[in-house]
J.: 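Handing you this structure, nothing more for now.
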Amino acid sequence: MPAPWRSLASLTAALALAAGLTTVVGETAAEAAVPATIPLTVRNDSGRGEQIFVYNLGTELSTGRQGWADANGTFHPWPAGGNPPTPAPDASITGPRSGQSMTIRMPKFSGRVYFSYGQKLVFKVTTGGLVQPAVQNPSDPNRNILFNWTEYTLNDAGLWINSTQVDMFSAPYSVGVKAPGGTVKTTGRLKPGGYNAVFDSLRNQAGGWAGLIQTRSDGTVLRALSPGHGVGAGVLPPATLNDYVNRVWSRYGTSTLTVTPFAHEPNTKYYGRVSGNVMNFTNSAGAVVASFQRPDSDSVFGCYKHLDAPNDLVRGPISRTLCAGFNRSTLLTAPNQPDNTAANFYKDPVTNHYSRAIHAQMVDGKAYGFAFDDVGAHESLVHDGNPQEALITLDRFS
């Protein structure tokens with residue numbers, strides 16, 4: 001997957017771009033009234049008895065330094081790391097017991113708030129910065145710890161905070177932001193029984209999808225890996241999406257795929273046709289502006305490699321649209337993309353069943369089942385330009 005903090009920082013920029021805004025991550029709005037820190041309230045409604053540990057890790061936007069924040073919101077840069085990686089300072093904050101809440105301070109970061117059950121997470125620092133948990137690796141020290149995280153950006157333009165399943169589906173939680181008038185916007189909450197239903201859906205799905213589920217030796221279900229990580233770990237067949245990709249390639253060898261990547265620019269269109277192993281996109285003048293090799297399943301699940309999406313105004317937006325269409329299996333049913341109608345998603349037997357299962361169990365239908373699930377605003381993200389409080393609720397597992 002992409003480098004730490006990439007996903008939320010780039011998606012915030014992309015959302016601002018798509019909305020026609022001029023302020024994106026790291027920029028300062030003249031009218032901003034966001035203080036240096038805001039309260040973050042963590043509510044434990046999990047019903048579990050384990051001690052919770054909370055971590056606030058990220059990049060300080062004013063300096064670009066990576067580090068962590070303590071409960072007061074004070075920034076601490078990571079020390080110089082080593083090769084092999086050296087242990088990181090203990091950045092944990094003791095979290096609330098079940099049925100209780102705690103409030104800490106959130107600084108202007110682009111980062112993650114991790115939370116773990118029963119054990120502290122193991123973080124190390126290398127010469128390139130912090131080493132994140134990577135539980136698709138069976139030797140990762142966090143492999144048998146139950147944990148999850150939310151991603152956020154807090155800057156002078158406000159707070160963006162999401163619940164993410166881009167890397168894995170695990171301990172359930174929801175996020176929220178309180179506006180000046182007291183209104184709270186929330187997302188990420190599962191339906192009653194939804195946590196177990198996601199795992200049951202994967203177990204019952206033919207094609208190796210049950211291999212994504214990781215359990216502890218005592219039988220505790222820890223998580224389901226995202227399909228991209230599943231392919232990399234060898235627990236999901238690398239050809240999982242090949243049939244669908246090949247059908248798309250065949251269709252658009254004789255017809256045109258039209259991509260309109262910006263909702264606020266309906267006249268900006270790109271036209272895709274397949275020639276051999278390449279899909280070429282032309283602009284309205286007929287000039288080729290982007291070309292894509294036939295993607296493998298890993299490229300589709302990860303929205304990278306053959307579907308790389310730079311933060312530009314042409315290739316990146318086209319790639320985002322293709323990535324969403326492949327994961328949602330809408331490219332054969334809608335020659336004009338994006339198809340933003342959720343009722344049309346995941347209808348082909350060959351699709352991203354991991355993302356399908358998660359979306360089906362969300363109260364509001366929103367999730368980050370893959371990196372560009374924000375195409376068409378189907379992502380589990382809330383934002384406020386003048387946030388009074390950020391909220392994370394650790395929800396019940398059953």
Side-chain angles (χ1 to χ4, degrees), residues 2 6-27 29 153 157-158 160 162 245 248-249 251-295 299-300 302-345 352 366 368-379 381 383 385:
R6 183 216 68 90
S7 56
L8 189 59
S10 64
L11 77 88
T12 306
L15 287 171
L17 178 65
L21 304 177
T22 57
T23 301
V24 297
V25 174
E27 294 183 353
T153 292
W160 290 258
N162 70 17
V245 171
V248 169
W249 237 242
R251 167 73 61 83
Y252 294 109
T254 58
S255 61
T256 299
L257 176 65
T258 302
V259 170
T260 309
F262 306 116
H264 67 289
E265 293 182 13
N267 294 324
T268 300
K269 297 180 182 294
Y270 301 102
Y271 307 95
R273 291 294 291 265
V274 169
S275 176
N277 217 34
V278 178
M279 180 180 284
N280 296 302
F281 281 87
T282 57
N283 59 18
S284 57
V288 175
V289 295
S291 298
F292 297 88
Q293 295 287 325
R294 186 195 309 247
S299 295
V300 172
C303 299
Y304 74 140
K305 288 169 50 178
H306 295 320
L307 287 177
D308 63 298
N311 285 327
D312 63 5
L313 295 176
V314 180
R315 183 181 179 88
I318 296 173
S319 183
R320 288 167 50 86
T321 307
L322 285 177
C323 176
F326 274 119
N327 277 282
R328 296 167 177 164
S329 62
T330 61
L331 294 174
L332 294 177
T333 54
N336 296 288
Q337 290 288 325
D339 178 353
N340 292 329
T341 303
N344 297 336
F345 298 171
N352 185 337
K366 308 268 188 175
Y368 259 116
F370 57 92
F372 293 127
D373 222 348
D374 57 313
V375 171
H378 296 277
E379 76 280 18
L381 173 78
H383 164 70

J.: Does Y252 reach the side chain of P335, with side-chain heavy atoms less than 4.5 Å apart?
T.: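 Of all side-chain heavy-atom pairs linking P335 with Y252, at least one is under 4.5 Å.
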J.: Calculate, to the nearest 0.5 Å, the distance between atoms CG and OG1 belonging to N340 and T330 respectively.
T.: 9.0 Å
J.: Looking only at non-hydrogen atoms, find the nearest pair between V375 and A324 and report the distance.
T.: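 Taking V375 first and A324 second, the nearest heavy atoms are CB-CB, 3.9 Å.
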J.: With rounding to the nearest 0.5 angstrom, report the SG to CG distance, C323 to N352.
T.: 9.0 Å
J.: Taking C-beta and beyond as the side chain, do L322 and F281 meet within less than 4.5 Å on heavy atoms?
T.: yes
J.: In Å and rounded to the nearest 0.5 Å, what is the OH to OG distance from Y304 to S299?
T.: 7.0 Å
J.: At what distance, to the nearest 0.5 angstrom, does OG1 of T333 lie from CG of L331?
T.: 8.0 Å
J.: At their closest point, which heavy atom of G302 faces which heavy atom of A371, and how far apart are they?
T.: O-CB, 4.5 Å
J.: Using the test salt bridge (Lys or Arg N to Asp or Glu O under 4.0 Å), find all partners of K269 that sit at least two apart in sequence or belong to another chain.
T.: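 Counting only residues at least two positions away or on another chain, K269 forms no salt bridge (Lys or Arg N to Asp or Glu O under 4.0 Å).
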J.: Quick one: pull up CG in L257 and CD in Q337 and give me the separation to the nearest 0.5 Å.
T.: 6.0 Å
J.: How close do W160 and A157 get, counting heavy atoms only, and between which atoms?
T.: CH2-CB, 3.7 Å
J.: For residues 278-290, pull every pair meeting side-chain hydrogen bond (donor to acceptor under 3.5 Å, both in side chains), keeping only residues two or more places apart or in separate chains.
T.: N280-S291
J.: What is the minimum heavy-atom distance between R251 and L332, and which atoms define it?
T.: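 In this case the closest contact between R251 and L332 is NH1-O, 2.9 Å.
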J.: Compare all side-chain heavy atoms of W249 with those of P295 and state whether any distance is below 4.5 angstrom.
T.: yes
J.: To the nearest 0.5 Å, how far apart are NE2 in H378 and NZ in K366?
T.: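 It comes to 6.5 Å.
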J.: G276 and R294: which non-hydrogen atoms are nearest, and at how many Å?
T.: O-NH2, 4.0 Å
J.: Would you mind reporting whether T321 and Y270 have side-chain heavy atoms less than 4.5 Å apart?
T.: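 The answer is no, as the side chains (C-beta and beyond) never meet within the 4.5 Å cut-off.
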J.: Does a salt bridge link R315 with D308, judged by any charged N lying under 4.0 Å from a carboxylate O?
T.: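 Yes, R315 and D308 are salt-bridged.
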J.: So do V300 and F370 actually touch side chain to side chain, heavy atoms under 4.5 Å?
T.: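 Sidechains of V300 and F370: no contact.
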J.: List the atom of F345, the atom of D339, and the distance in Å for their closest heavy-atom pair.
T.: CE2-O, 3.1 Å
